[in-house]
Amino acid sequence: MATQKNHKPDYEKMLRVAGVRITRPRRVIVEILTSCEDHPDALEIFKRAAEVDSSISLSTVYRTMKVLEGLGAIHRHAFEGGPSRFEQAGGEHHDHLIDLDTGDVIEFKSDRIEHLQNEIAEALGYDIVHHRLELYGRKRKAS
């Protein structure tokens, strides 16, 4: 896995600096974001938060995610055929393989792919500033 999962961002501090009041529901939401290792969508974050505090609303989750995204603290991914999913910003660059049957998101890094992308951009007279690679697939059946 290419991302730096041991680095835990201080979302609460980021929200405070942005002038957002830290309520109990927001504190629960940022704790979920800090501890999650997957790419949850807003509804999944809401379900996890509601297990801790049933007063948390889905709109609070959406508003909190929007602020954190605006601050560059999280990335929103709109994977084809599904709801937007979120992951921590920072860490090393990586790409995603989305399992079409389960919806699982698998992070991977390939030096060969990175080299090929740079080679293509250079041949066309470009420098890559940013890219995002998403592969969609199904597990092979055992033969």
Side-chain angles (χ1 to χ4, degrees), residues 1-15 17-18 20 22-143:
M1 209 75 38
T3 55
Q4 296 174 342
K5 296 295 184 185
N6 0 356
H7 171 71
K8 298 296 183 185
D10 191 344
Y11 294 125
E12 197 172 311
K13 181 179 179 184
M14 292 175 197
L15 289 169
V17 169
V20 176
I22 306 302
T23 59
R24 173 162 165 67
R26 283 202 180 97
R27 191 167 279 123
V28 171
I29 292 165
V30 298
E31 177 57 37
I32 289 165
L33 292 174
T34 302
S35 64
C36 74
E37 298 285 331
D38 55 351
H39 298 71
D41 61 30
L43 188 57
E44 181 58 35
I45 294 166
F46 168 70
K47 287 176 184 174
R48 293 176 192 180
E51 288 176 9
V52 177
D53 181 348
S54 62
S55 72
I56 294 174
S57 70
L58 185 56
S59 62
T60 300
V61 172
Y62 279 117
R63 283 192 306 270
T64 304
M65 301 309 286
K66 186 172 180 71
V67 171
L68 289 170
E69 181 184 11
L71 294 171
I74 60 171
H75 292 300
R76 174 190 302 264
H77 295 286
F79 297 128
E80 188 176 301
S84 291
R85 297 172 78 168
F86 302 94
E87 74 174 327
Q88 295 176 7
E92 295 179 39
H93 168 75
H94 60 274
D95 296 304
H96 296 100
L97 169 65
I98 295 86
D99 184 310
L100 291 170
D101 295 322
T102 65
D104 289 345
V105 178
I106 298 103
E107 296 178 354
F108 71 93
K109 180 165 178 32
S110 168
D111 292 335
R112 289 175 57 198
I113 290 173
E114 298 302 314
H115 178 76
L116 182 57
Q117 289 171 146
N118 288 327
E119 185 180 301
I120 291 167
E122 186 176 322
L124 295 172
Y126 285 84
D127 291 320
I128 295 176
V129 175
H130 171 75
H131 83 276
R132 181 179 291 180
L133 176 64
E134 298 170 3
L135 304 175
Y136 296 83
R138 290 189 167 89
K139 279 217 181 226
R140 288 192 190 125
K141 305 284 187 222
S143 329

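Because the structure is predicted, anything quoted here is derived from the model rather than measured.
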> Check the angle between the aromatic planes of His39 and His96 and answer parallel, tilted or perpendicular using the 30° and 60° thresholds.
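Correct class here is perpendicular.
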> Rounded to the nearest 0.5 Å, what separation is found between the SG atom of Cys36 and the CD atom of Glu31?
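Answer for the SG-CD pair, Cys36 versus Glu31, is 10.0 Å.
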> Could you give the distance from OG1 (Thr64) to CD1 (Ile56), rounded to the nearest 0.5 Å?
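Going from the OG1 atom of Thr64 to the CD1 atom of Ile56 covers 9.0 Å.
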> For residues Pro25 and Thr60, report the shortest heavy-atom separation together with the two atoms involved.
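Looks like CB-CG2, 4.2 Å.
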> Can you name the side-chain hydrogen bond (donor to acceptor under 3.5 Å, both in side chains) partners of Tyr136, sequence neighbours left out?
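With neighbours one apart ignored, the set is Glu134.
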> So, for Ile45 and Ile32, which heavy atoms are closest and what is the spacing to 0.1 Å?
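Shortest heavy-atom contact: O-CD1, 4.0 Å.
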> Could you give all pairs that pass the salt bridge (Lys or Arg N to Asp or Glu O under 4.0 Å) test and reach residues 54-70, with sequence neighbours left out?
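Checked against salt bridge (Lys or Arg N to Asp or Glu O under 4.0 Å) - neighbours excluded - the pairs reaching residues 54-70 are Glu69-Arg76.
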> What are the two closest non-hydrogen atoms of Gly137 and Leu97, and how far apart are they?
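In this case the closest contact between Gly137 and Leu97 is N-CD1, 4.1 Å.
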> When rounded to the nearest 0.5 angstrom, what distance separates OG1 in Thr102 from CG in Leu100?
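Reported to 0.5 Å precision, the distance equals 8.5 Å.
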> Using every non-hydrogen atom in the two residues, find where Ile29 and Ala49 come nearest and quote the distance to one decimal.
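That closest heavy-atom pairing would be CG1-CB, 4.4 Å.
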> Between Val67 and Leu15, is the side-chain contact (heavy atoms from CB on, under 4.5 Å) condition met? List the steps.
CA-CA 8 Å; Val67 171; Leu15 289 169; 3.5 Å; yes
> Once you round to the nearest 0.5 Å, how far does CZ of Phe108 lie from NE2 of His94?
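Result: 9.5 Å between the selected atoms.
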> Would you give the length of the straight line joining atom CD1 of Ile106 to atom CG of Asp99, rounded to the nearest 0.5 angstrom?
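It comes to 5.5 Å.
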> Under the salt bridge (Lys or Arg N to Asp or Glu O under 4.0 Å) definition, can you give me all pairs with a residue in residues 41-59, not counting sequence neighbours?
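Qualifying pairs: Arg24-Asp53, Asp38-Arg48, Glu44-Arg48.
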> Can you confirm whether His131 sits close enough to Glu114 that some side-chain heavy atom of one is under 4.5 Å from a side-chain heavy atom of the other?
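Side-chain contact under 4.5 Å: yes.
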> Residues two or more places apart in sequence or in another chain: which of them pass side-chain hydrogen bond (donor to acceptor under 3.5 Å, both in side chains) with Asp101?
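Asp101 satisfies side-chain hydrogen bond (donor to acceptor under 3.5 Å, both in side chains) with Arg138 once adjacent residues are dropped.
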> What's the shortest heavy-atom distance between Ala89 and Gly72, and which atoms?
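What the structure gives for the nearest pair is CB-O, 3.1 Å.
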> Write down the atom of Met14, the atom of Ala73, and the distance for their closest heavy-atom approach.
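Heavy atoms of Met14 and Ala73 come nearest at SD-CB, 3.3 Å.
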> Kindly compute the distance separating CG (Leu68) from CG (Leu71), expressed to the nearest 0.5 Å.
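Answer for the CG-CG pair, Leu68 versus Leu71, is 6.0 Å.
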> Return the set of residues passing side-chain hydrogen bond (donor to acceptor under 3.5 Å, both in side chains) with His77 (not counting sequence neighbours), or none when no residue passes.
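Glu87.
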> For residues 121-132, which residue pairs qualify under salt bridge (Lys or Arg N to Asp or Glu O under 4.0 Å), counting only residues two or more places apart or in two chains?
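For residues 121-132: none.
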> For Glu12 and Arg27, indicate whether the former's side chain and the latter's backbone hold a donor-acceptor pair under 3.5 Å.
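Judged by distance alone, no pair lies under 3.5 Å.
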